[in-house]
J.: 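My structure is below; once you've seen it, I'll send some questions.
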Amino acid sequence: MKKSDQYYLTTPIYYTNAAPHIGHAYTTIAADVIRRLKRMQGFDVILCSGTDEHGVNVERAAVAAGKTPLDYTNLISEEFRRQWEILDLKIDRFQRTTAPNHAEVVRDLFERCLKNGYVYKGHYSGQYCIYDNLYVNEAKEGDPCPECGRTTETVAEENYFFKLSAFQDRLLELYEKQPDFILPETRRNEVLAFVKQGLQDLSITRTSIKWGIPVPNDDKHVFYVWFDALSTYLSAVSGENRWPADLHLIGKEIVRFHAVYWPAFLMAAGLPLPKRIFAHGWLLFENDKMSKSRGNIVRATPIKTVLGTDALRYFLLREVVFGQDGSFSYDALVGRYNSDLANGLGNLASRTVAMIHQYRGGIVPASDGHQQVAQSAKELTGAALDAYAKFEFSKALESIWNLISTVDRMIVEHAPWKLAKSTDPVHVQAVSDTLYTAAEALRIVTALVSPVLPESAAKIWDQLGFDTSLDDARESDLHWGHLRAGQKLRDAYGVFPRAEVKPSIDQMKALEKEEYARQQTLLGKTVEAEAPKATDAPIAPLAPAISIDDFVKVDLRVGLVKAAAPLKGTDKLLHLQVDIGEAEPRSIVAGIALAYKPEELLGRKVVIVANLAPRKLRGVESQGMIVAASLEGGLPVLAAFLEDVPVGSRLK
RNA sequence: GCCGGCGUAGCUCAGGUGGUUAGAGCGACGGUCUCAUAAUCCGUAGGUCGUAGGUUCGAGUCCUACCGCCGGCACCA
């Protein structure tokens, strides 16, 4: 049985199709901060992270790199682990989906679900168009393909299905009873809307994939992504009595899997549910989504090298409202570093320690401190802890910096450097009061920021003369007056040296290039060979072989876009008029509105499937189809020619 | 198209149940101090609170419409 003082939290299980970047670091840093906060509250905390290593994408990437899937994922998994080490993130359990203990847990979960009647072997059977590689759900035997008009074939395929449909009510009840099961609220609303509109059973195995965990007693099948990956949260603590997790920290793109599928799997298996799911937002790069195709991915290690890990941690948690999207930029990073860390906390530590050395021989003087500051400290500490408890990191840090600024003001107001020249006992005590107040407030601030700035806080802690580890600090240590008179301070040294803006940005950018090159070399050609955004969506298997006669049936033509307009009522559809050399331009509806603006298509040459049977889309007849590369999870890219070609030419 | 969120100083954002001159931090500018990391501290400038109506004695705060942005769903064959 799990003990009440235990806290189990997880990061997502990162997919090993790409090397770690700042986005992975963001989640993991946040988890590390929560881990330290919970420890401060006295919990026995463990943090689990890991790598999700199965699936087609990994299989393909491995082949492309000339490696076996396992060799390949060994490499990337190790790269993730190394990354967390470099960033001083303590991962208590690092679980790989390729580990033997994990396979056992997955099979066990499956068998529990099976035994309880929530898994069935589905014979998907239905109409299938072999030409378009398309399942036509609504068609009956002998019906034509809506795409090409040719007769569909009846196919039957075996898959294991999970009866997700049986859990709609229970899930809604869960969300109702535990309103904070999914945070923030906006994500909860989305999940509610999704579940309320009805749930379909989920296919949880594949026969087309080999790189995965075989289904018990039926090893033609391999578990498909979510059944496999989500179980990691169980396998990371198998045999430890740690389950259920207190918190799954995730990115907003995987909310559905964690908030719908995962609880349903666990309900089906009769296992306890996680207590809470928190989805943070995305880290944008200067308002653009980071992506390989844009080439604007940032890695964490160059930032560590130039400004230190704490600078990165502070920036991410202070600048970004946790739960919302936030943007990263080098300017903002260095700005925050200088104004908040160097000029704020760093300078306060520096001046406080220096003055006590200078005016009191490095010994903390006896005093109760200024009561006004003590009062502010009490209030602001309370506010910060409240915010921390709600994962409102930016708010918590704001409160703490408020206290720093209060202390700075107090120091100027009492100007100890003036009174220190006097031997009047009243003045002597006044100086002591000011110095004690500054040191005690600094002590509290340091302990309070230590979950976010562990490395720097430890340095200040050391300068204040403590021998204990800040890791052992507890919330009760935050009360005013714990600093003892007579404590001997250590020498002062800079904790956050001020950064020159341009040189440090240049240096980070240079290191960023090196780091990118290093990762690329590590992974061989695979980094470049990858699709811009790889997801775990199934990759369509190669269509069946056709003869040249079959190919000739497809009439591809060069067309010129004469007109283009959005199709109202849709996000993705454009209505085009395309001249392919006929008397009238063709009316073609294409799902490319997210990738292309109508005006940039005008006058552009495109490739058209000219003999595709016409079909109405949203009430508009589409007399053909535009040929485009369809990237997984990405935007379509139109086929085009490098040389100019006449309108109407046929492609062979 | 449906559902939800947002639009407040150059930037990032606060502004329960409507009530005197709309706030903070950063940045800019001016000044001050010297314990300190050319830091601190004090002060100044800057906002028709997306637009247009409406309710009200009174609206950034409520209502309606519209515009723009962001999510989710639908849609994308």
Side-chain angles (χ1 to χ4, degrees), chain A residues 129 131-136 145-149 184-198 252-253 255-256 279 281-282 284 287 289 318-321 324-327 329 331-332 335-360 394-395 397-398 401-402 404-405 407-420 431 434-435 438 492-500 567-574 589-595 609 612-618 622 624-626 628 630 635-636:
Chain A
C129 172
Y131 302 101
D132 295 315
N133 188 34
L134 172 71
Y135 292 95
V136 190
C145 170
E147 186 65 6
C148 62
E185 204 180 339
T186 163
R187 303 273 92 91
R188 176 176 182 266
N189 292 341
E190 287 171 11
V191 169
L192 275 175
F194 175 76
V195 174
K196 275 181 183 160
Q197 80 178 15
K252 67 180 185 181
E253 71 282 3
V255 167
R256 185 186 304 169
W282 284 340
L284 311 173
N287 296 324
K289 200 175 158 185
R318 173 63 242 259
E319 186 83 6
V320 180
V321 176
Q324 296 179 17
D325 289 353
S327 79
S329 77
D331 278 340
R336 278 286 177 197
Y337 176 84
N338 278 333
S339 71
D340 294 6
L341 295 178
N343 299 351
L345 178 56
N347 183 56
L348 177 63
S350 172
R351 71 197 307 201
T352 301
V353 175
M355 279 193 287
I356 292 176
H357 275 293
Q358 202 164 322
Y359 303 132
R360 288 295 180 271
S394 55
K395 218 184 240 183
L397 292 168
E398 210 178 316
W401 257 254
N402 222 319
I404 290 175
S405 144
V407 179
D408 270 332
R409 253 177 284 138
M410 182 279 296
I411 293 174
V412 170
E413 193 186 327
H414 293 89
W417 46 89
K418 284 181 184 160
L419 298 181
V431 170
T434 301
L435 296 184
Y493 56 92
V495 178
F496 300 107
R498 204 181 153 75
E500 293 292 324
L567 195 58
K568 65 176 174 182
T570 68
D571 285 344
K572 298 189 181 175
L573 301 182
L574 289 186
V589 178
I592 55 172
L594 295 180
V609 183
L612 194 62
R615 191 188 175 190
K616 274 197 171 182
L617 286 171
R618 288 258 157 182
S622 183
M625 180 174 122
I626 287 211
S630 69
L635 298 173

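A, B, ... follow the sequence lines: proteins, then strands. Residue 1 opens every chain.
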J.: Applying a 4.0 Å non-hydrogen cut-off, can you work out what A:E319 is touching in the nucleic acid: base, sugar-phosphate, or nothing?
T.: nothing

J.: Given 3.5 Å as the limit, does a donor-acceptor pair link the side chain of A:W401 with the main chain of A:D340, or not?
T.: yes

J.: Base, sugar-phosphate alone, or nothing: which one does A:V191 contact when heavy atoms must sit under 4.0 Å apart?
T.: nothing

J.: Which part of the nucleic acid does A:T186 contact within heavy-atom distance under 4.0 Å: base, sugar-phosphate only, or nothing?
T.: nothing

J.: How many whole angstroms separate atom CH2 of A:W401 from atom P of B:C13?
T.: 19 Å

J.: Side chains of A:W282 and A:E253: do they bring a donor and an acceptor to under 3.5 Å?
T.: yes

J.: Under a 3.5 Å cutoff on both atom distances, Watson-Crick or G-U, what's the dot-bracket for RNA chain B ([ ] crossing, | other strand)?
T.: (((((((..((((.....[...)))).((((.........)))).....(((((..]....))))))))))))....

J.: Scan A:D408 against the nucleic acid and name what it touches under 4.0 Å (heavy atoms): base, sugar-phosphate only, or nothing.
T.: sugar-phosphate

J.: So what does A:G335 touch, heavy atoms closer than 4.0 Å: a base, only the sugar-phosphate, or nothing?
T.: nothing

J.: Side chains of A:R498 and A:N347: donor-acceptor distance under 3.5 Å anywhere?
T.: no

J.: Taking A:D325 for the side chain and A:G281 for the main chain, is one N or O donor matched with an acceptor at less than 3.5 Å?
T.: no

J.: Does A:F496 reach a base, just sugar-phosphate, or nothing at all? Heavy atoms under 4.0 Å.
T.: base

J.: Report the residue from A:K418, A:H414, A:R360 that forms a side chain to side chain contact (heavy atoms under 4.5 Å, CB included) with A:V431.
T.: A:R360

J.: Taking A:R187 first and then A:E190, would you say they form a salt bridge - that is, a charged N and a carboxylate O separated by under 4.0 Å?
T.: yes

J.: Answer with base, sugar-phosphate or nothing: what part of the nucleic acid does A:A193 contact at a heavy-atom distance below 4.0 Å?
T.: nothing

J.: Provide, to the nearest angstrom, the distance between the NE2 atom belonging to A:H414 and the P atom belonging to B:A36.
T.: 20 Å

J.: Side chain of A:S350, backbone of A:G346: donor and acceptor closer than 3.5 Å?
T.: no

J.: Provide the distance between the two P atoms, one in B:U51 and one in B:G10, to the nearest whole Å.
T.: 14 Å

J.: OP1 or OP2 of B:A39 sitting under 4.0 Å from any side-chain N/O of A:R498?
T.: yes

J.: Can you work out whether A:L348 or A:Q324 has the more 5'-proximal nearest nucleotide on RNA chain B?
T.: A:Q324

J.: At under 4.0 Å between heavy atoms, what does A:R336 touch on the DNA or RNA strands: base, sugar-phosphate, or nothing?
T.: nothing

J.: Distance between the C1' atoms of B:A14 and B:C26, in whole angstroms?
T.: 15 Å

J.: When all nucleic acid strands are considered with a 4.0 Å heavy-atom cut-off, which category describes A:R409: base, sugar-phosphate, or nothing?
T.: sugar-phosphate

J.: Report the residue (A:M355 or A:R187) whose heavy-atom-nearest nucleotide on RNA chain B is the more 5′ of the two.
T.: A:M355

